[in-house]
Amino acid sequence: MTKAASGECLALGYNCETAFQIERRFGAGGSCFFSWGIFSIEAIIRLVGSKFDHILHQQNLEWDNTNRLASDRAYGYSFHGPWKSGDPLSDPEFSTKLSEYRDKASYLGQKFLNPTRPRIYFYKQRKPSVPASVLRLANALQAISSESTLVLLRSTHQPPTAAEHPILYERVLSRFAPESDAKNADSSSWDAVFDEFS
């Protein structure tokens with residue numbers, strides 16, 4: 001989480017570009033559960049709705065070959081964990097690494113559920129979002145804190161989501177960073193959004 005004015009800017013995903021840009025602009029940004037991974041809106045809703053219960057159980061871990069990340073199939077998200085390639089279960093230090101990473105993730109999950117100041121959440125859409133899903137996400141975040149703002153980001157070639165909610169704003173980025181290089185973003189486009197909301 002990152003302090004911006006009197007509130008916090010949080011990256012929700014869908015990938016690491018959002019967290020990288022918050023870190024670039026504000027000097028930090030990695031201490032949110034959703035900063036470093038691949039999260040669909042539905043995965044975020046499931047995680048928040050369950051209060052991050054039963055995350056990272058051994059039987060639910062697998063390797064996401066598409067994104068080359070570990071994945072928790074119970075919730076449908078992939079993450080930058082302590083395993084760099086292949087099946088996490090094949091790591092001889094699997095149990096130790098899993099225990100340490102689960103402790104960290106559980107802490108970040110509870111921190112996410114207990115805000116101490118107003119929050120601005122940024123979510124970059126991978127593809128046009130289903131309006132009903134966006135509204136469910138906005139409701140879930142508003143339930144955590146009434147002092148919430150959700151900024152939904154889309155690229156210039158994506159159509160508007162056409163969802164309306166009191167905490168929801170939709171803005172356009174000139175382009176998204178390539179999948180293979182999440183740091184390679186249009187900083188000026190991101191800064192225009194940060195200037196408006198933070």
Side-chain angles (χ1 to χ4, degrees), residues 1-2 9-25 29-30 32-50 52 55-56 60-81 105 108-109 112 119-141 148-165 167-194 196-197:
M1 281 179 258
T2 299
C9 292
L10 275 70
L12 295 182
Y14 80 94
N15 68 0
C16 304
E17 178 180 354
T18 311
F20 276 128
Q21 290 305 308
I22 290 176
E23 189 174 67
R24 175 192 64 78
R25 175 64 183 262
C32 176
F33 184 95
F34 300 103
S35 290
W36 310 115
I38 307 291
F39 297 92
S40 67
I41 286 179
E42 291 298 331
I44 298 170
I45 293 169
R46 285 192 291 270
L47 286 158
V48 172
S50 72
F52 300 89
I55 58 172
L56 300 169
N60 295 325
L61 292 184
E62 58 188 12
W63 186 249
D64 174 356
N65 282 314
T66 301
N67 295 299
R68 301 191 54 76
L69 298 171
S71 177
D72 184 341
R73 67 180 172 216
Y75 287 101
Y77 70 97
S78 300
F79 59 95
H80 287 279
L108 291 175
F112 187 88
R119 285 179 170 176
I120 306 170
Y121 301 94
F122 295 91
Y123 184 79
K124 184 190 78 168
Q125 302 177 94
R126 182 176 192 174
K127 56 185 179 181
S129 299
V130 177
S133 296
V134 174
L135 295 178
R136 288 176 61 213
L137 175 59
N139 285 332
L141 297 175
S148 297
T149 299
L150 172 60
V151 182
L152 193 67
L153 300 161
R154 62 182 175 87
S155 67
T156 53
H157 70 274
Q158 292 175 335
T161 302
E164 294 186 6
H165 190 281
I167 74 165
L168 176 66
Y169 298 84
E170 192 165 351
R171 295 296 182 265
V172 179
L173 297 175
S174 64
R175 67 175 178 84
F176 290 168
E179 294 289 326
S180 59
D181 185 5
K183 290 184 177 180
N184 183 14
D186 180 356
S187 298
S188 62
S189 186
W190 277 95
D191 283 342
V193 174
F194 291 143
E196 178 180 0
F197 289 97

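Positions are given from 1 along the sequence.
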Could you measure the distance from the [atom1] atom of [X] to the [atom2] atom of [Y]? Nearest 0.5 Å is fine.
X      : Y      : atom1 : atom2 : answer
Thr156 : Arg175 : OG1   : CZ    : 11.0 Å
Arg126 : Glu179 : CZ    : CD    : 5.0 Å
Asn67  : Cys16  : CG    : SG    : 9.5 Å
Ile55  : Leu61  : CD1   : CG    : 10.5 Å
Asp186 : Ser174 : CG    : OG    : 3.0 Å
Leu12  : Ile41  : CG    : CD1   : 9.0 Å

Not counting sequence neighbours, which residues clear side-chain contact (heavy atoms from CB on, under 4.5 Å) with [X]? List them please.
X      : answer
Arg171 : Val151, Leu153, Tyr169, Val193, Glu196, Phe197
Asn139 : Gln142, His165
Arg24  : Gln21, Ser187, Trp190, Asp191, Phe194

**OP:** May I ask you to decide if Asp72's main-chain N or O and Asn60's side chain share a donor-acceptor pair within less than 3.5 Å?
**Re:** no

Original post:
Under the 3.5 angstrom rule, does the side chain of Ser148 hit a backbone N or O of Arg119 as a donor-acceptor pair?
Top reply: no

Original post:
With sequence neighbours excluded, what pairs up with Arg68 under the side chain to side chain donor-acceptor pair (under 3.5 Å) test?
Top reply: none

**OP:** Please assess Glu170 against Val134 for the test side-chain contact (heavy atoms from CB on, under 4.5 Å), listing each intermediate value before the final yes or no.
**Re:** CA-CA 11 Å; Glu170 192 165 351; Val134 174; over 6 Å; no

Subject >> Validation row: Arg154, Pro128 side chains within 4.5 angstrom (heavy atoms) >> reply: no

Subject >> Stepwise side-chain contact (heavy atoms from CB on, under 4.5 Å) test for Phe20 and Glu23 >> reply: CA-CA 5 Å; Phe20 276 128; Glu23 189 174 67; 4.2 Å; yes

Original post:
More than 12 non-hydrogen atoms from neighbouring residues, nucleotides or ligands closer than 6.0 Å to CD on Glu62, yes or no?
Top reply: yes

Subject >> Verdict with reasoning, Tyr14 to Tyr123, per side-chain contact (heavy atoms from CB on, under 4.5 Å) >> reply: CA-CA 6 Å; Tyr14 80 94; Tyr123 184 79; 3.2 Å; yes

Subject >> All ring-ring contact (aromatic ring centres under 6.0 Å, His included) counterparts of Phe39, not counting sequence neighbours >> reply: Phe34, Tyr77

**OP:** Applying ring-ring contact (aromatic ring centres under 6.0 Å, His included), name anything that partners Tyr121, two or more places apart in sequence or on another chain.
**Re:** Phe112

